[in-house]
Amino acid sequence: MNELADPLVTEADALEDIPLPRARETLLGHAEAEQALLAAYRSQRMHHAWILAGPKGIGKATLAFRFARFALAYPDPAAPDVLNATDLTLAPDHPDFRKVAGGAHPGLLHLRRPYDPKRKSKDKIKQDLTVDEIRRTVPFFGSTGSEGSWRICIVDAADDMNSNAANALLKVLEEPPRRSLFLVLSHAPGRLLPTIRSRCRLLPMRELAHEEVLAGLASLGVAEPSSRTAQRAADLAHGSLRKAITLADGDTIALADSFAGLVSHLPQLDTAAAHALADQVSKHGADDAWSLFHDLVGEHLHALISGHRGQPLPRLVRVSEVWEKTTRAAREADAFNLDRKQVVLNALRDLADAARP
């Protein structure tokens, strides 16, 4: 099925031939986080709001939907099905599983950056999770459910909220409706309003281990664990299965290899190879390559700083200035549709300068 045929799915959600988090049957890793939610639910003292915190693409949304399905299917925490459960598994043929997977469960509200087909830019998804999205909680929690049922709201991700949206969410969290649960996903919870954090219970989620990423690529039919593609994608993904999936293609791996070859000879810069890399990163439709290049630059600079501790301060300052300059240039290129190739070439020249003694 083409996920974009579903009006409830944004372009950012969809990965070709990969099930959406709301439809995934299994959770990769995070057994401790899953058990923490199950134990809290079984205790009948379930906190009304949780922050699921961790890097992008590690499975926060998958766990949130997994718990939501379980709670909607078993609304009584004292029921035998809950007390005897070893995890949050719900059979795929269960009615609540099918409704959640189809984005049509009346007891679940999934808030994210809205898709706007009228936007003139290539990216049809709004930059922020807006206050209008958060205000959808008013009719949602105001609707009448069956006796004893839950109303569950997943905020995906809270980092995308603008200030008005954050204040609107805070108001709902301050006066939570009866039988309501909030699962607030955050890639960087320290950046959320302290007042939001204070009203939620924090559930930290770690990056996936290298072997877990490999297992995820295999289970989703993306790449065999022993293949170089899988190994290289897992190396570059830093614990994010979603990122590994987007990286697991020949062109992307070749870009990472080209970058590694270039920086291995710094401060000498192979001009022809630099232009070839810049062409690959800046070609039309190469948004994944553009994002990867920015990540590779950041990782390289971080390695320089880590490897040069104890070295003269001016050199460390020079390295940090390269990162600031490259980040600003990439942001301006995106905002004003500037030439990405020149940004890449400038970044490579700056890396060469930073590598000089």
task = For the pair S320 (side chain) and V317 (backbone), establish whether a donor and an acceptor sit closer than 3.5 Å, ignoring hydrogens and angles.
result = yes
request  = Mind jotting down which residue pairs meet the ring-ring contact (aromatic ring centres under 6.0 Å, His included) criterion with at least one end in residues 173-224? Sequence neighbours excluded, please.
outcome  = F141-F182
Distance in Å, R199 CZ paired with I51 CD1, rounded so as to fall on 0.5 Å steps = 11.5 Å
request  = Would you mind checking if R206 and E212 are paired as a salt bridge, meaning a charged N to carboxylate O distance below 4.0 Å?
outcome  = yes
E299 vs H302 side-chain heavy atoms within contact, under 4.5 Å = no
message = Can you tell whether the side chains of D287 and R340 come within less than 4.0 Å, N to carboxylate O?
response = yes
task = Give a yes-or-no answer on whether the side chains of T89 and D87 include a donor-acceptor pair shorter than 3.5 Å.
result = yes
message = Please check: side-chain N/O of S258 versus main-chain N/O of A254, any donor-acceptor pairing under 3.5 Å?
response = yes
Shortest non-hydrogen contact between G261 and S264, atoms and distance = O-OG, 2.7 Å
key: For the student: nearest non-hydrogen atoms of L241 and V213, plus distance   = CD1-O, 3.8 Å
task = Measure the spacing between OG1 of T130 and CG of N164 and express it to the nearest 0.5 Å.
result = 10.0 Å
task = Report yes or no: is the cationic atom of R151 (NZ for Lys, CZ for Arg) closer than 6.0 Å to the six-membered ring centre of F140, at no more than 45° off its axis?
result = yes
request  = Side-chain contact test, heavy atoms from C-beta onward, threshold under 4.5 Å: evaluate it for L129 versus N162 and give yes or no.
outcome  = no
request  = Calculate, to the nearest 0.5 Å, the distance between atoms OG1 and CD belonging to T326 and E324 respectively.
outcome  = 10.0 Å
request  = Taking R69 for its side chain and H94 for its backbone only, find out whether a donor-acceptor pair lies under 3.5 Å.
outcome  = no
query = For H300 and F259, what are the C-alpha separation, side-chain angles and deciding distance, and is it a side chain to side chain contact (heavy atoms under 4.5 Å, CB included)?
reply = CA-CA 10 Å; H300 177 71; F259 180 87; 4.2 Å; yes
query = What is the distance from atom OG of S282 to atom CG of D339, rounded to the nearest 0.5 Å?
reply = 6.5 Å
Side-chain ion pair, D128 and R113, N-O less than 4.0 Å = no
request  = State whether a side-chain donor-acceptor pair under 3.5 Å links D288 with T246.
outcome  = no
message = What verdict does the side chain to side chain contact (heavy atoms under 4.5 Å, CB included) test give for V155 and L185, after you've listed the backbone C-alpha separation in whole Å, the side-chain angles of each residue and the deciding distance to 0.1 Å?
response = CA-CA 6 Å; V155 183; L185 313 187; over 6 Å; no
ask   = Would you say L345 and V297 are hydrophobically clustered, going by side-chain heavy atoms of ILVMFWY under 4.5 Å?
value = no
query = So does Q35 have more than 12 non-hydrogen atoms from other groups sitting under 6.0 Å from CD?
reply = yes
query = Do side-chain atoms of H30 reach the backbone of M205 as a donor and acceptor pair under 3.5 angstrom?
reply = no
inquiry  = Is any side-chain heavy atom of C200 closer than 4.5 Å to one of L173?
reply    = yes
ask   = How far apart are the closest heavy atoms of L108 and A68, and which atoms are they?
value = CD1-CB, 4.0 Å
message = Can you tell whether the side chains of R228 and D235 come within less than 4.0 Å, N to carboxylate O?
response = no
inquiry  = Contact between S186 and L192 at the side-chain level, heavy atoms closer than 4.5 Å - yes or no?
reply    = yes
query = Is a salt bridge present between E133 and R136, judged by a nitrogen-to-oxygen distance below 4.0 Å?
reply = yes
inquiry  = Let me confirm one number: the CG-CG distance from L183 to L111, rounded to the nearest 0.5 Å.
reply    = 11.5 Å
request  = Determine whether L37 and M46 make a side-chain contact, defined as any pair of heavy atoms from C-beta on separated by less than 4.5 Å.
outcome  = yes
ask   = Any chain of hydrophobic side-chain contacts (each under 4.5 Å) joining L90 to L83?
value = no
inquiry  = Give me each pair satisfying ring-ring contact (aromatic ring centres under 6.0 Å, His included) with a member in residues 314-348, each pair once, sequence neighbours excluded.
reply    = H294-W323
ask   = What is the minimum heavy-atom distance between A256 and L296, and which atoms define it?
value = CA-CD1, 4.0 Å
inquiry  = Using a 3.5 Å distance criterion without hydrogens, assess whether the side chain of S240 forms a donor-acceptor pair with backbone atoms of A237.
reply    = no
Return a table of donor-acceptor pairs under 3.5 angstrom between the side chains of residues 95-107 and protein atoms on other chains or two or more places apart.
residue	atom	partner	partner atom	Å
D96	OD1	H105	NE2	2.6
R98	NH1	D93	O	2.4
H105	ND1	G107	N	2.9

query = Looking at side-chain heavy atoms only, is the closest gap between L214 and Q231 below 4.5 Å?
reply = yes
query = Is a side-chain donor or acceptor of R197 paired with a backbone partner of G190 at a separation under 3.5 angstrom?
reply = yes
request  = For residues R22 and I154, determine if any side-chain heavy atom of one lies less than 4.5 Å from a side-chain heavy atom of the other.
outcome  = no
Where P19 and L220 come nearest, the two heavy atoms and their spacing = CD-CD2, 4.0 Å
key: D159 side chain to A188 backbone, donor-acceptor under 3.5 Å   = yes
query = Has the side chain of E34 got a donor or acceptor atom that lies under 3.5 Å from a matching backbone atom of L88?
reply = yes
request  = Might you confirm whether atom CZ of R45 has over 12 heavy atoms from other residues, nucleotides or ligands at distances under 6.0 Å?
outcome  = no
inquiry  = Please verify the inter-ring angle class for Y41 with W150; under 30° counts as parallel, over 60° as perpendicular, anything in between as tilted.
reply    = tilted
key: Residue pair L338, V343: steps toward the side chain to side chain contact (heavy atoms under 4.5 Å, CB included) verdict   = CA-CA 9 Å; L338 303 179; V343 173; 5.8 Å; no
ask   = How far does CD1 of I18 sit from CG of L217, to the nearest 0.5 angstrom?
value = 8.5 Å
note = Connected to V131, directly or through other members, by ILVMFWY side-chain contacts below 4.5 Å are none
Side-chain polar contacts of residues 71-82 - donor-acceptor pairs under 3.5 angstrom, sequence neighbours left out - could you list them?
residue	atom	partner	partner atom	Å
D76	OD1	A78	N	3.0

ask   = Taking only residues two or more places apart in sequence, or in another chain, which ones meet W50 in a ring pair (Phe, Tyr, Trp, His ring centres under 6.0 Å)?
value = none
request  = List the steps, then state whether side chain to side chain contact (heavy atoms under 4.5 Å, CB included) holds for L351 with L301.
outcome  = CA-CA 8 Å; L351 290 179; L301 291 171; 3.5 Å; yes
request  = Kindly check if the number of other-residue, nucleotide or ligand heavy atoms within 6.0 Å of CD (E332) is above 12?
outcome  = yes
ask   = Should T229 and V222 count as side-chain neighbours, where that means a heavy-atom distance under 4.5 Å?
value = no
ask   = Mind checking whether V138 and I196 sit in one hydrophobic cluster, side chains of I, L, V, M, F, W, Y counted as touching below 4.5 Å?
value = no
key: NZ/NE/NH1/NH2 to OD/OE distance under 4.0 Å, D160 and R112   = no
ask   = A233 and A244: which non-hydrogen atoms are nearest, and at how many Å?
value = CB-O, 3.7 Å
ask   = Is D295 salt-bridged to K243, going by a charged N under 4.0 Å from an acidic O?
value = yes
